[in-house]
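Chain letters run A, B, ... following the sequence lines, proteins first, then strands; residues in each count from 1.
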2 protein chains.
Amino acid sequence: MAKNPQKIRIKDIAEMAGVSAGTVDRVLHGRGKVSPAALKAVEEVLNRVNYNPNIYLSSISIRKRIKIVFVTPHTQGSQYWQQIHEGFSKALNEYSVVDLTSEVYTYDQYDLYNCRTTYSKVLEAKPDAVVIGPTFKDETIRLTQTLDEEHIPYAYVDSMVEGTNPMAFYSAKQDSCGYLIAKLIRQTTPADSEYALFQAMRVGDESANNTIQRKIGFMEFFHQNRLGDKVHRLNFSPLDKAYNDKALADFFAAHPNVKGAAVLSSRGSIITDSLKRIGINHIKTICLDPTSDNVAAMMDGHLDFLVGQRPELQGFLAVETLLKNIICGGHPAVENYMPLDIITRENIDFYKEYVVQNSAVGGGGM
Amino acid sequence: MAKNPQKIRIKDIAEMAGVSAGTVDRVLHGRGKVSPAALKAVEEVLNRVNYNPNIYLSSISIRKRIKIVFVTPHTQGSQYWQQIHEGFSKALNEYSVVDLTSEVYTYDQYDLYNCRTTYSKVLEAKPDAVVIGPTFKDETIRLTQTLDEEHIPYAYVDSMVEGTNPMAFYSAKQDSCGYLIAKLIRQTTPADSEYALFQAMRVGDESANNTIQRKIGFMEFFHQNRLGDKVHRLNFSPLDKAYNDKALADFFAAHPNVKGAAVLSSRGSIITDSLKRIGINHIKTICLDPTSDNVAAMMDGHLDFLVGQRPELQGFLAVETLLKNIICGGHPAVENYMPLDIITRENIDFYKEYVVQNSAVGGGGM
DNA sequence: TACTTTTGTGTGTACGTCCACAAAGGTGTG
DNA sequence: CACACCTTTGTGGACGTACACACAAAAGTA
């Protein structure tokens with residue numbers, strides 16, 4: 001530690017390389033018009049010292065107004081996506097020194113055609129950068145092809161679309177998530193227990209692919225422990241309470257040894273509410289995301305565990321990465337997996353506010 | 001969202017108030033020499049708009065070199081304190097635009113006199129800001145009185161000393177931590193289990209007060225559930241393996257129903273190593289902090305849960321808060337409790353690198 | 001050889017903030 | 001009324017970065 005490792009400026013590099021600041025600038029920004037000799041001299045110095053320009057200083061000097069476009073499934077009714085958008089807002093706020101404009105487009109994740117028209121609006125908006133919450137693979141590939149052609153950087157939140165070249169993506173490892181849920185539910189129930197895997201009839205808040213990955217991880221745990229036959233599946237309705245009450249009552253009558261229940265989406269409170277109504281207690285229940293309904297159910301003592309995947313941080317980091325790239329250049333880490341937070345009644349206070357906790361140096365790796 | 005809420009500059013405020021930028025600057029920095037009329041006009045505008053200066057821009061303009069002094073227990077042999085110091089380094093790195101100097105002083109947390117002489121060195125260093133990892137209450141009160149007199153801001157990491165006026169403190173809620181550990185160990189063992197509470201003979205890595213608080217929270221859980229008599233205590237040695245092997249073998253012979261073990265410090269791997277040597281398996285074990293020993297024990301399958309308290313984030317935020325205050329002024333939140341992260345083999349990858357995850361907007365509240 | 005074009009280089013200005021200094025205004029005294 | 005003295009105010013430079021522009025040197029053309 002001790003004294004500050006002498007901050008090096010463009011001027012310093014220029015001096016060391018025996019050229020002017022303008023030449024160093026041209027090398028840094030790849031603006032050409034530099035003789036091979038000068039280029040070599042500057043690059044040698046750049047390799048020796050580690051120069052990192054400050055984004056805030058760069059951004060006040062930059063002339064351009066940056067337009068960033070967000071395109072995700074509708075946030076209406078999905079706290080998960082709402083939280084991702086919260087992260088967008090916080091990043092825009094954090095980087096308010098930069099002359100930023102933003103536009104938000106959301107689409108119906110069950111309607112391919114709606115997604116297609118929404119994606120076309122994204123292109124019409126002539127963005128400088130795009131954050132994508134993808135659902136339809138082929139449509140997204142088509143969108144990103146155009147973005148690639150026009151050299152518009154983009155980043156994903158929630159999940160990655162293979163076969164595309166994003167600046168970065170931010171998501172949780174969904175199979176690990178499923179595996180973790182299985183482990184937790186198993187660990188907190190007696191050895192001879194059986195288990196329920198509840199699935200919403202129509203996939204709720206997130207892309208179907210994520211739910212599938214979670215299920216793969218979930219079942220992997222049980223198969224590894226030769227408990228595959230202890231898991232019983234049941235579909236429930238995201239809306240029809242009467243249906244759920246009946247279905248769950250029948251289910252638990254048929255499977256009296258079921259002591260733990262997993263919902264591989266954020267809809268866990270629907271199950272616990274139903275269990276409460278039909279008077280079934282002491283079923284350990286676990287699902288995803290500290291949504292307000294889930295937080296309430298947990299404080300109520302009906303939900304035992306939640307697994308959080310930091311949606312807000314995903315949104316924040318996606319924006320930050322794109323901005324840093326546009327303003328300072330440089331290439332960040334492409335794959336970024338979020339921590340899977342295990343949330344119980346005892347530590348929920350720290351997670352329910354969805355606080356974006358500083359990427360600072362650790363994560364970004366610019 | 002849409003367009004950027006027009007960034008307001010000092011010049012804008014000056015125009016609105018009908019004065020020059022210099023006057024606004026004097027008001028902002030409380031440098032006096034402003035007529036009552038001008039003061040009122042500027043303050044009215046400042047109340048209307050929300051002006052937030054950028055720390056990076058301020059810091060390049062500021063003339064002063066800032067000296068920040070860190071004083072904590074020795075980091076030798078304590079990964080917890082090492083991680084806090086990691087956070088210091090990352091903050092210094094993040095704010096390398098600022099002309100910073102730092103000095104580190106560490107003291108023997110078992111030696112009051114050593115602490116006293118170390119504290120006096122802190123004052124001799126004439127710091128602009130101090131980060132304190134406190135152990136001895138009275139000594140710290142004395143130190144901070146001098147700091148208060150000289151208007152030197154300070155912040156605590158790890159714990160707070162009552163009766164002092166820090167800029168802020170960053171710590172985990174230790175009683176919640178103990179309570180959480182109790183809950184986890186209870187939830188993952190059969191209903192008729194008994195429990196072991198292992199304590200290092202000489203408190204290990206952190207202040208004794210923290211360990212006491214954890215024990216209070218731990219016992220509170222068991223008393224609330226009328227299980228106070230199910231907890232058996234045993235002391236172990238941080239160093240003497242042979243002693244531990246003998247003591248643990250005797251203990252488990254005497255208490256065959258003990259199925260869960262808690263260590264309310266980061267020394268859990270000492271217990272699991274000993275259990276491994278004497279051939280006792282299937283005791284659920286839980287302790288604090290993903291130190292490298294604990295991570296190894298967890299990957300090995302011998303430690304079941306760890307509770308993390310983000311030491312690195314504590315260090316990072318303490319420095320950030322002080323710097324923001326010195327450079328931009330403004331008053332941050334004083335009380336800042338870290339999340340208690342529940343760590344298992346399945347999610348340890350995300351926590352073991354002790355990544356500082358961006359405070360950004362959420363936490364700081366400047 | 002004179003002239004244009006191309007290529008490479010340095011200089012100057014702007015960004016928002018802080019702060020030193022100079023200018024302007026006001027008050028009181030000889 | 002002139003002068004010094006104090007209070008208040010405005011102006012201009014500096015920080016580090018980006019970029020436009022002007023200029024110099026080299027190369028090409030007539």
In residues 122-131 of chain B, what donor-acceptor pairs under 3.5 Å come from side-chain atoms, sequence neighbours left out?
unit_1   : atom_1 : unit_2  : atom_2 : d
B:Asp128 : OD2    : B:Lys67 : N      : 2.7

Extract all donor-acceptor atom pairs below 3.5 Å that involve side chains of residues 14-32 of chain A and protein atoms in other chains or at least two apart in sequence.
unit_1  : atom_1 : unit_2  : atom_2 : d
A:Ser20 : OG     : A:Gly22 : N      : 3.4
A:Asp25 : OD1    : A:His29 : ND1    : 3.2
A:Asp25 : OD2    : A:Arg31 : NH2    : 2.6
A:His29 : ND1    : A:Asp25 : O      : 3.0

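Among residue pairs with one or both ends in residues 39-68 of chain B, those qualifying as ring pair (Phe, Tyr, Trp, His ring centres under 6.0 Å) are A:Tyr56-B:Tyr56, B:Tyr56-B:Tyr95; sequence neighbours excluded.
Of all nucleotides in DNA chain C, those with any atom nearer than 4.0 Å to a heavy atom of chain B start and finish, going 5' to 3', at C:dG16 to C:dC19. You can see that DNA chain D meets the heavy atoms of chain A within a 4.0 Å-exclusive cut from D:dG16 to D:dC19, reading 5' to 3'.
Atom-to-atom distance recorded for B:Leu147:CG and B:Thr140:OG1 is 10.5 Å, nearest 0.5 angstrom. Here CD of A:Glu320 is found 7.0 Å from CD of A:Glu94. Values are rounded to the nearest 0.5 Å. Between the CD1 atom in A:Ile84 and the CD atom in A:Gln314 there is a gap of 5.0 Å [rounded to 0.5 Å]. Atom CD1 of residue A:Ile132 and atom CG of residue A:Leu143 lie 5.0 Å apart, to the nearest 0.5 angstrom.
Contacts with DNA chain C (heavy atom under 4.0 Å) in residues 13-30 of chain A: A:Val19, A:Ser20, A:Gly22, A:Thr23, A:Arg26, listed by number. Near-neighbour residues of DNA chain D inside residues 38-60 of chain B, defined by a heavy atom below 4.0 Å, number-ordered: B:Ala38, B:Ile60.
Residues meeting the salt bridge (charged side-chain N to carboxylate O under 4.0 Å, His left out) test with B:Arg48, sequence neighbours left out: none. Not counting sequence neighbours, A:Ser61 has no partner by the side chain to side chain contact (heavy atoms under 4.5 Å, CB included) test. Residues forming a side-chain hydrogen bond (donor to acceptor under 3.5 Å, both in side chains) with B:Asn165 (at least two apart in sequence, or on another chain): B:Asp148. With sequence neighbours left out, the salt bridge (charged side-chain N to carboxylate O under 4.0 Å, His left out) criterion links A:Arg142 to A:Glu139.
Taking the six-membered ring for Trp, B:Phe169 and B:Tyr337 have ring centres closer than 6.0 Å.
Of the listed residues (B:His85, B:Lys90, B:Gln83), just one forms a side-chain hydrogen bond (donor to acceptor under 3.5 Å, both in side chains) with B:Glu312, and that residue is B:Lys90.
From one end of the helix from C:dT1-D:dA30 to C:dG30-D:dC1 to the other, with five pairs defining each end axis, the axis direction shifts by 70° (rounded to 10°).
For the pair A:Lys64 and B:Lys33, nearest-nucleotide mapping onto DNA chain D gives the more 5' position to B:Lys33.
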